[in-house]
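Here's the structure we're looking at; comments come further down.
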Amino acid sequence: RPVIDGRKRGRPKKEHSGWSEDRHLAAEMHGMLAGRPGLPRAKSAAEAARILVEAGRVSGSGTEESLRKRLERTFRKYYSS
């Protein structure tokens, strides 16, 4: 039977695979706190988030403070004990 429109049948494919951009940045924050070579050194998660926001690495249309808080939340979710 010919298909009239171009729609596919069945369950849609997963669009988002892998880590979000914020999670990649949280991993970078972890490296900054651990003193990984090639990354700026940070004493706290807040300072690491501030460095990334000021460098323009965080996407989003919020204020610098809201972007920093979002990164800190993501960092705490995956890297705090």
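Since we're looking at a predicted model, the values are computed, not measured.
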Which residues pass the side-chain hydrogen bond (donor to acceptor under 3.5 Å, both in side chains) test with [X], sequence neighbours left out?
X: S66; result: T63
X: S20; result: none
X: E47; result: none

Taking only residues at least two apart or on different chains, which pairs with a member in residues 46-77 satisfy ring-ring contact (aromatic ring centres under 6.0 Å, His included)?
F75-Y79
Can you see which heavy atom on [X] is nearest to which on [Y], and at what distance?
X: I51; Y: A42; result: CD1-CB, 4.4 Å
X: M32; Y: L39; result: N-CD1, 3.9 Å
X: L33; Y: A45; result: CD2-N, 4.0 Å
X: E21; Y: S59; result: OE1-OG, 3.2 Å

I'd like to check the salt bridge (charged side-chain N to carboxylate O under 4.0 Å, His left out) partners of K77; sequence neighbours left out, ordered by chain and number.
none
Salt bridge (charged side-chain N to carboxylate O under 4.0 Å, His left out) against E64, all qualifying residues, sequence neighbours excluded
none
As a quick check of understanding, evaluate side-chain contact (heavy atoms from CB on, under 4.5 Å) for L25 and T74, giving each step before the final call.
CA-CA 9 Å; L25 291 173; T74 305; over 6 Å; no
Measure the CE-CG distance between M29 and D22 for me, rounded to the nearest 0.5 Å.
10.0 Å
Listing request: all salt bridge (charged side-chain N to carboxylate O under 4.0 Å, His left out) pairs with a residue in residues 23-40, at least two apart in sequence or in separate chains.
E28-R57
